[in-house]
> 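The structure follows.
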Amino acid sequence: MAVQADERAMISERVAPGMLPRVLNSFDMTIIFVAIVLFIVNASGIQQAHQAAYTYWILGFLLFLIPGALVTAQLGLMFPQEGSLYVWTQKALGPFWGFFAGFCAWWPGILVMVATGDAVVTIWQFVDRGGLPKAWEQGLVILAVLWFSALMSMLRLRMTQTYANWAVVFYGAGIFVIGLAGILWLIGSGHSATGGWGTASNWSVHGSQWTWFGLVILALLGIEVPLNMGVEIVHMRSIKKYLFWGSIVVMVAYLWATLGTMLALPAAKSVGATTDILQAVQVGFWGSHAFAVVIGLVLIWFFVSNTVVYNYSFSRLLFVSGLEQRMPPKLGTVNERTKVPVYAVLTQTVLSSLFVVAIFNPWVGGGNNQRAYWLFQAAVTVIWCISMVLLFADIFLVRRAFPAKFEEVRTTHPYLLYASGVVGIAASIFGAYVTFKNPWTGLFSVTHWRIWLGVLCGVSVLAAVVIYAISEYLHRREQPAPTMTPA
């Protein structure tokens, strides 16, 4: 038992609190949650499900978002350390699974930063018709977004967070306009562009449509990410507050934007384009492309800023892995002036940039950006869902390992937490399965979708195992050999 406790103790628990300042309040944490989870272009993608989109949203809220918030609140208050899932899973299962969970929670950040940059490109092409036609031009824009995010992430966190707060507030205003556009269209035309609201079968889910549940899971991932910065929170009460208010904002925003788009545009003609929400604004506001451009510019600003939030929040997982010496120790250092893990920020920005260069180059067609966007988003869903299975499983194991601590900070009845764990595990596994089963977009055949998605996910999981094995080998080499002593 002593050996097991020693294995589950972490260097970062002792060291990180003295390296990083406490600057994040409840509002900051809520903003980070909204920036990470509320990817409003997903309201465009799910239009193809017609009214059943609302059924999928409700299922996602009940089976994933709310259970995830309940479990995260309990784990976060038990272990409010830097690294969230990395720490919780190591406490529950030991160092290998801790690192594996942390890697599977961190690696999607590398892919999603490419996706946010690609969203900037796609929205810009709506704003400037015919703009950025070549893949290398799109790549340069995404690289600019990535390196701007690195620059902002290396500033003092308080300064960067204030910038992000303003961007997300304007983003909220833009989302309100998207929903309002649908209401204005309904009032002006006297009917919804999407029919069938009174037909019960349009609201039901069918076996062939469960792919949309995978998209909903993607749209709700990131519940635990703000707690990657656990030791940078001023008051622990912020944990429950951000989970409550952040979840409310996310649920209302997704339903509102989906409603606005569906009222203004016929769902039967939707192809899941990420700019449908802007097209809905144009239609709802009396055909004004100029007004839609204004909202488009707000969304561009958000996705640029969102990349900043992803960069600094995910860098904390890499920072912890450096402190634990599972990754190069340099990653576990901070800049003396800004108190930010700059090497972690730079490393993940370089990795994201490599993906951009490989995909957006002069030898690739300009129409590749939509395919890359959806493929990366699907890979993010599958890999992140693997980490979420471990998060939900942690709730059972940490109570057994730390019963006194569990009761000390208990946020709700254990039976409700256990039910959340079971439901969350099932939803995460099912979300990953249906994501693999069928493509989210007609830009891929089923075979090509599964092959590319399988390669991306397989290489990612294998990388986690190989990195851990190398770190274990190096640890054993560094341990001094036992010496013989006289009897």
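Position 1 is the first residue of the sequence, and the numbers go up from there. The shown structure was predicted, so the numbers you read here are calculated from the model rather than taken from an experiment.
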> Is there a side-chain contact between Trp88 and Gln74 (heavy atoms, below 4.5 Å)?
no
> For residues Gln125 and Val121, determine if any side-chain heavy atom of one lies less than 4.5 Å from a side-chain heavy atom of the other.
yes
> Please name the pair of heavy atoms, one in Trp203 and one in Gly196, separated by the smallest distance, quoted to 0.1 Å.
NE1-O, 4.3 Å
> Is it the case that over 12 heavy atoms from other parts of the model lie below 6.0 angstrom from the CH2 atom of Trp245?
no
> Exactly one of Phe61, Phe430, Phe64, Trp57 should register a ring pair (Phe, Tyr, Trp, His ring centres under 6.0 Å) with Phe213. Which one does?
Phe430
> Give a yes or no on whether the backbone of Ile36 and the side-chain of Tyr310 come within a donor-acceptor separation of less than 3.5 Å.
yes
> The criterion is salt bridge (charged side-chain N to carboxylate O under 4.0 Å, His left out); which residues satisfy it with Glu232, sequence neighbours excluded?
Arg316
> Tell me, please, which residues at least two apart from Asp28 pass salt bridge (charged side-chain N to carboxylate O under 4.0 Å, His left out).
Arg158
> Would you say that more than 12 heavy atoms from the other residues, nucleotides or ligands in this model lie under 6.0 Å from the CH2 of Trp166, or not?
no
> Any heavy-atom pair between the side chains of Phe360 and Ile142 that's under 4.5 Å?
yes
> Go through the structure and list residues passing side-chain contact (heavy atoms from CB on, under 4.5 Å) with Ala393, not counting sequence neighbours.
Ile425
> Is there a side-chain contact between Val225 and Phe33, using heavy atoms and a 4.5 Å cut-off?
no
> Sorted by first residue and then second, give each side chain to side chain donor-acceptor pair (under 3.5 Å) pair with at least one member in residues 35-54; sequence neighbours left out.
none
> Do Met29 and Met229 come within less than 4.5 Å of each other through their side chains, counting heavy atoms only?
no
> Are Leu227 and Ile233 close enough that some pair of their side-chain heavy atoms sits under 4.5 Å apart?
yes
> Scan side-chain atoms only and decide if Trp124 and Gln138 contain a donor-acceptor pair under the 3.5 Å cut-off.
no
> Residues in side-chain contact (heavy atoms from CB on, under 4.5 Å) with Thr349, at least two apart?
Leu146, Trp147, Ala150, Asn311, Val345, Ser353
> Excluding sequence neighbours, so at least two apart, what forms side-chain contact (heavy atoms from CB on, under 4.5 Å) with Leu184?
Leu180, Phe285, Trp286
> Please name the pair of heavy atoms, one in Val281 and one in Ala181, separated by the smallest distance, quoted to 0.1 Å.
CA-CB, 3.7 Å
> Check whether more than 12 heavy atoms from other residues, nucleotides or ligands sit under 6.0 Å from atom OH of Tyr433, and answer yes or no.
no
> Show me the pairs that pass salt bridge (Lys or Arg N to Asp or Glu O under 4.0 Å) and involve residues 164-189, at least two apart or across chains.
none
> Does the side chain of Leu416 come within less than 4.5 Å of Leu70's, by heavy atoms?
yes
> Taking the ring centre of each residue, are Tyr56 and Trp210 less than 6.0 Å apart?
yes
> Ignoring hydrogens and geometry, is there a side-chain-to-backbone donor-acceptor pair from Thr307 to Phe303 under 3.5 Å?
yes
> Answer yes if the ring centres of Trp384 and Phe314 are under 6.0 angstrom apart, and no otherwise.
yes
> Does a donor on one side chain and an acceptor on the other come within less than 3.5 Å for Thr116 and Asn306?
no
> Would the distance check show the side chain of Ser204 and the main-chain N or O of Ser201 forming a donor-acceptor pair, the cut-off being under 3.5 Å?
yes
> State whether the side chain of Ser192 and the backbone N or O of Thr194 hold a donor-acceptor pair below 3.5 Å, judged by distance alone.
yes
> Which atoms form the tightest heavy-atom contact between Met154 and Val340, and what is the distance?
CA-CG1, 4.1 Å
> To the nearest 0.5 Å, what is the distance between CZ (Phe444) and CG (Leu453)?
9.0 Å
> For Val216 and Tyr254, run side chain to side chain contact (heavy atoms under 4.5 Å, CB included): C-alpha distance rounded to whole Å, both residues' side-chain angles, the deciding distance at 0.1 Å, then the answer.
CA-CA 10 Å; Val216 166; Tyr254 274 134; over 6 Å; no
> Establish, yes or no, whether a centroid distance under 6.0 Å links the rings of Phe319 and Tyr343.
no
> Below 6.0 angstrom between ring centroids: does that apply to Trp301 and Tyr171?
no
> With a 3.5 Å distance limit and no angle check, can you tell me whether Thr381 reaches the backbone of Gln377 through a side-chain donor-acceptor pair?
yes
> Check whether any side-chain heavy atom of Phe100 lies under 4.5 Å from a side-chain heavy atom of Val461, and answer yes or no.
yes
> Which pairs pass ring-ring contact (aromatic ring centres under 6.0 Å, His included) with one or both residues in residues 257-276, sequence neighbours excluded?
none
> Pairing donors with acceptors under 3.5 angstrom, does anything connect the side chains of Asn25 and Ser238?
no
> Go through the structure and list residues passing salt bridge (charged side-chain N to carboxylate O under 4.0 Å, His left out) with Lys269, not counting sequence neighbours.
none
> According to side-chain contact (heavy atoms from CB on, under 4.5 Å), who are the partners of Thr275, at least two apart in sequence or on a separate chain?
Thr122, Phe126, Ala273
> Which heavy atom of Pro341 sits nearest to which heavy atom of Leu20, and what is that distance?
CD-CD2, 4.5 Å
> Side-chain atoms of residues 288-298: list all donor-acceptor pairs with protein atoms under 3.5 Å, sequence neighbours left out, distances to 0.1 Å.
unit_1	atom_1	unit_2	atom_2	d
Ser288	OG	Phe291	N	3.1
His289	ND1	Gln282	OE1	2.8

> Between Phe355 and Phe376, is the side chain to side chain contact (heavy atoms under 4.5 Å, CB included) condition met? List the steps.
CA-CA 10 Å; Phe355 275 100; Phe376 278 144; 3.9 Å; yes
> Does the Arg156 side chain pair with the main chain of Lys339, one donor and one acceptor, at a distance under 3.5 Å?
no
> Under the 3.5 angstrom rule, does the side chain of Thr72 hit a backbone N or O of Ala69 as a donor-acceptor pair?
no
> Which atoms form the tightest heavy-atom contact between Lys241 and Ser26, and what is the distance?
CD-OG, 3.5 Å
> Using side-chain hydrogen bond (donor to acceptor under 3.5 Å, both in side chains) as the criterion, list what pairs up with Thr89, not counting sequence neighbours.
Asp394
> Would you check if the side chain of Thr30 reaches a backbone N or O of Gly246 as a donor-acceptor pair within less than 3.5 Å?
no
> Indicate the atoms forming the closest heavy-atom contact of Ile110 with Ser352, along with that distance.
O-OG, 2.9 Å
> Given 3.5 Å as the limit, does a donor-acceptor pair link the side chain of Ser460 with the main chain of Cys104, or not?
no
> Would you say the side chains of Thr160 and Tyr312 form a donor-acceptor pair under 3.5 Å?
no
